[in-house]
Amino acid sequence: MRVVYSPAHLAHDIVTETVMGAVIPANEVAERAERIRATLEADGGFTIEAPTEHGTDPILAVHDPGLLRFVEEAWPAARAQAIGRPNLIADTFPNFRMFEGMSPDVVAGIEETQFAAGRAGWWGLDTANPLVAGTYGAARAAVDVALTTADLVLGGERAAYGLCRPPGHHAARSMAGGYCFFNNAAIAADAVTRATGQRVAILDVDYHHGNGTQQIFWRRGDVFYVSLHADPERQYPFFLGRANETGEGEGAGANLNIPLPAGTDDETFLAALDRGLEAIAATPGDVVVVSLGFDTYGHDPIGDFALTTAVYHECGRRVAALGRRLVILQEGGYYRPALGANARAWLRGAEGRDDEPLPAPGFGAAGSDR
Ligand code: Q9C
Ligand code: ZN
């Protein structure tokens, strides 16, 4: 399988994040993508290639120009304001209840502030997306990775994998969040619908609900969003991801959320996956964009599912059995020791290759499960 990867992600060198205000070692780190790349290289069945530049038009087809400008300018602006921190994390957000009782005209007149912390809050969902000097370049490269992966599939590949980092599915039209800045999968899906004039499905199997992807396509009937995720009742992003969110207007019925309980195991997950795949099979279209996360893994530090490496092979196999062409894009997954093995298993399953074990630990950079 052809894999698209850019070393530009390394400049998004996140070291810490905050959880409920406390500073902890970051989860969404560069090592994640490097582990996956090394394991796919060691496998020998994947070819790794660089993305091509696609410019900002495909980003602006999906995102508010203000969000793009914010991600580009936030770091230099923070520096210019003599904010000498290693990263920029917002702490004040325009919670919609702040404006309760105020007329829509008054609310519409409220503007983005140019002060770094306020501006990051204006464009952000939460405190989980630290922005550093290299964030803009990395986020732009992740979009190019996604669009190049889509190009490969439009060019005739049955399936291709984009090793996107930072991930994207929490980023909405006008909002970053949850380690995401630009919505790689949404940008790719939008580009595919424009290139083909056909409907596209997005299958999101990251542990978290892809609130950003749902929001972007909420009123669109040309992109069908299906997500399997931890029930937002107990898990981030908390305020979207419920089963009764099905889309509106042209998009009515084109959003399917499948929230899952803590402890979800291989069997429960596969049953939910089959539900999602049946729904996709019932809609027209030839291309599926997969938002692929491995934070469903049993040892994931921020998830509570119990999936095994073996089931990822079966998931890849079942998704490919749809018979559609696959633009597979990396989202989350934070248990670094198993990331390579999990990605390799999923992608081998999608390609119809068997689930042969990795080369022995110590042989090459593939790494073992534990
Ligand atoms: N206790 C993705 O997987 N909340 N994003 C972290 C940790 C944010 C996850 C809280 C999680 C965002 C792409
Ligand atoms: Zn996730």
Side-chain angles (χ1 to χ4, degrees), residues 9 12 14-33 36 87 89-91 93 120 124-131 135 138-139 142-143 145-146 162-172 175-187 202-216 225 227-241 257-260 262 264 269 289-305 307 312 315 328-336 338-339 342-343 346:
H9 84 88
H12 182 57
I14 302 302
V15 180
T16 57
E17 64 177 89
T18 59
V19 175
M20 293 186 273
V23 176
I24 61 157
N27 287 297
E28 204 294 284
V29 293
E31 184 194 337
R32 298 177 54 246
I36 295 175
N87 59 31
I89 299 179
D91 57 14
F93 301 90
L125 167 62
D126 57 77
T127 60
N129 58 338
L131 194 147
T135 297
V143 171
V145 165
L163 217 183
C164 296
R165 180 176 177 274
H169 75 156
H170 296 302
M175 186 184 78
Y179 315 145
C180 305
F181 296 89
F182 304 134
N183 195 317
N184 309 308
I187 293 165
I202 300 177
L203 174 67
D204 189 332
V205 291
D206 184 274
Y207 168 80
H208 302 92
H209 177 246
N211 60 283
T213 314
Q214 169 172 303
Q215 184 276 325
I216 287 167
Y225 180 64
S227 179
L228 276 58
H229 50 264
D231 194 321
E233 198 57 52
R234 71 171 191 287
Q235 186 52 261
Y236 181 92
F238 296 111
F239 311 112
L240 283 177
N257 285 331
I258 307 180
L260 296 166
T264 288
F269 194 82
V289 174
V290 181
S291 271
L292 181 58
F294 297 111
D295 31 13
T296 49
Y297 187 60
H299 296 284
D300 194 90
I302 69 175
D304 62 9
F305 286 1
L307 270 56
Y312 293 122
C315 288
I328 306 161
L329 303 176
Q330 191 60 47
E331 299 281 359
Y334 306 101
Y335 183 71
R336 272 117 71 184
L339 270 180
N342 290 344
W346 206 102

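Remember, it's a predicted structure, so these values are computed and weren't measured experimentally. Indexing begins at 1, ligand by ligand and atom by atom, following the structure's order.
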Using only atom types and a distance under 3.5 Å, with no angle test, would you say the side chain of [X] pairs donor to acceptor with the backbone of [Y]?
| X | Y | result |
| --- | --- | --- |
| His12 | Pro166 | no |
| Asp206 | Gly332 | yes |
| Asn257 | Ser227 | no |

Any N/O/S atom, backbone or side chain, of Glu331 lying under 2.8 Å from the Zn ion (ligand 2)?
no
Is any N, O or S atom of His208 under 2.8 Å away from the Zn ion (ligand 2)?
yes
To the nearest 0.5 angstrom, please state how far the CE atom of Met20 sits from the OG1 atom of Thr127.
10.0 Å
Any chance you could measure Glu233, atom CD, to Phe239, atom CZ, to the nearest 0.5 Å?
10.0 Å
Determine, using ring centers only, whether Tyr179 and Tyr236 are less than 6.0 Å apart.
no
What angle, in degrees and rounded to 10°, do you get at the Zn ion (ligand 2) when you join it to OD1 of Asp206 and to OD2 of Asp295?
110°
So, using side chain to side chain donor-acceptor pair (under 3.5 Å) as the criterion, who are the partners of Asn183 when residues are at least two apart?
Thr213
Ligand 1 polar-atom proximity to protein (N/O, under 3.5 Å):
residue: ligand 1; atom: 3 (O); partner: His208; partner atom: ND1; Å: 3.2
residue: ligand 1; atom: 3 (O); partner: Asp295; partner atom: OD2; Å: 3.0
residue: ligand 1; atom: 3 (O); partner: Tyr334; partner atom: OH; Å: 2.6
residue: ligand 1; atom: 5 (N); partner: His170; partner atom: NE2; Å: 3.3
residue: ligand 1; atom: 5 (N); partner: Gly178; partner atom: O; Å: 3.0
residue: ligand 1; atom: 5 (N); partner: Tyr334; partner atom: OH; Å: 3.4

